[in-house]
Amino acid sequence: MAKLTIVKYGDSILRNKTKPIVKITKEIKILADDMLETMYKSCGAGLAGPQVGISLKICVIDILSNGKKNPLVLINPTIIDSANKIILEEGCLSFPGIFENVQRFDTVTVEYMDLNENIKQIQGQGFLAKALQHEIDHLNGKLFIDYLQPWKRKLVEKEIKRRKKGGNW
Ligand code: CO
């Protein structure tokens, strides 16, 4: 396994739409392993292909419920059902040190392919639902700051600009 470099906000790949994965190859399995390792080492709860420079529909999630590892690899995930709204604080490994409140669905059902090419469904609530929506957004070129009020978003952009100037991004 290898730790991959995480792309930060400002890189255009984060805005690109990703391609579906048709076949689970050895390369995809290695990529999934590397993405999980990168996520754990960076103390994140999720990581999507574009964040490691790969424009494919793959993401990994682990919310470490009860402190235990429960790695989830989702290929071509789509939200097929959602209910209720909730506002939770959110961060992103492509936005180090930036945390903002975002409104999401409190419950979502996601259909995806696993690494054995089986089609599966997972239902998430609360933190897991948030992670699923955040990572699937990444696969569509959408970022969590897109949900902020314009004034709030401006503040965040300003802060990032300041950090970039200081070589801290
Ligand atoms: Co993210």
Side-chain angles (χ1 to χ4, degrees), residues 1-21 28 31-65 69-79 82 85-112 122 124-150 152-164 168-169:
M1 292 214 275
K3 189 173 183 254
L4 308 167
T5 303
I6 297 177
V7 168
K8 290 192 185 127
Y9 177 63
D11 191 312
S12 62
I13 195 165
L14 292 176
R15 289 300 186 185
N16 291 349
K17 284 220 169 167
T18 52
K19 283 193 185 142
I21 292 171
I28 294 292
L31 173 64
D33 269 355
D34 289 348
M35 284 175 67
L36 281 167
E37 186 185 351
T38 306
M39 176 185 76
Y40 288 128
K41 285 197 170 152
S42 312
C43 298
L47 188 67
Q51 292 181 280
V52 291
I54 306 283
S55 240
L56 290 175
K57 291 200 185 300
I58 179 170
C59 61
V60 297
I61 290 174
D62 195 341
I63 59 164
L64 297 172
S65 53
K69 276 192 183 177
N70 180 27
L72 196 56
V73 178
L74 304 133
I75 314 287
N76 308 333
T78 49
I79 294 171
S82 56
K85 297 279 179 77
I86 190 173
I87 293 175
L88 288 170
E89 189 175 67
E90 215 163 296
C92 178
L93 290 175
S94 295
F95 291 78
I98 307 274
F99 298 91
E100 296 293 340
N101 285 330
V102 172
Q103 184 178 278
R104 297 277 191 187
F105 289 108
D106 184 40
T107 308
V108 291
T109 305
V110 170
E111 191 169 272
Y112 67 99
I122 183 170
Q125 200 254 328
F127 190 41
L128 178 57
K130 172 178 86 168
L132 286 163
Q133 289 165 89
H134 180 113
E135 299 314 324
I136 291 171
D137 270 355
H138 270 301
L139 302 180
N140 294 310
K142 192 159 178 153
L143 302 169
F144 81 115
I145 58 162
D146 299 347
Y147 293 93
L148 302 179
Q149 299 272 349
K152 187 91 203 172
R153 178 163 175 166
K154 237 177 221 171
L155 282 182
V156 170
E157 299 267 8
K158 211 173 157 187
E159 169 67 11
I160 293 170
K161 221 177 184 178
R162 196 183 63 80
R163 290 197 199 177
K164 273 186 184 163
N168 196 13
W169 189 254

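The structure presented is a predicted model; accordingly, all values stated were derived computationally and were not measured. Atoms within each ligand, like the ligands themselves, are counted from 1 in listed order. Any value given below was found using the heavy atoms of this structure, including those in side chains, with hydrogens, waters and symmetry copies removed.
- Under 3.5 Å, the side chains of Ser94 and Gln51 contain a donor-acceptor pair of N or O atoms.
- Salt bridge status for Lys152 with Glu100: present, with a side-chain N to carboxylate O gap under 4.0 Å.
- Ordered by chain and number, Cys92 SG, His134 NE2, His138 NE2 make up the set of protein N, O or S atoms under 2.8 Å of the Co ion (ligand 1).
- Classification of Arg162 and Glu159 as a salt-bridged pair holds, one side-chain N sitting under 4.0 Å from a carboxylate O.
- The local environment of CD in Gln149 is sparse, with at most 12 non-hydrogen atoms from other residues, nucleotides or ligands closer than 6.0 Å.
- Within 6.0 Å of atom NZ in Lys19, 12 or fewer heavy atoms from other residues, nucleotides or ligands are found, so the atom counts as exposed in its surroundings.
- Ring orientation note: the planes of Phe144 and Phe95 are nearly perpendicular, at an angle over 60° on the 30°/60° scale.
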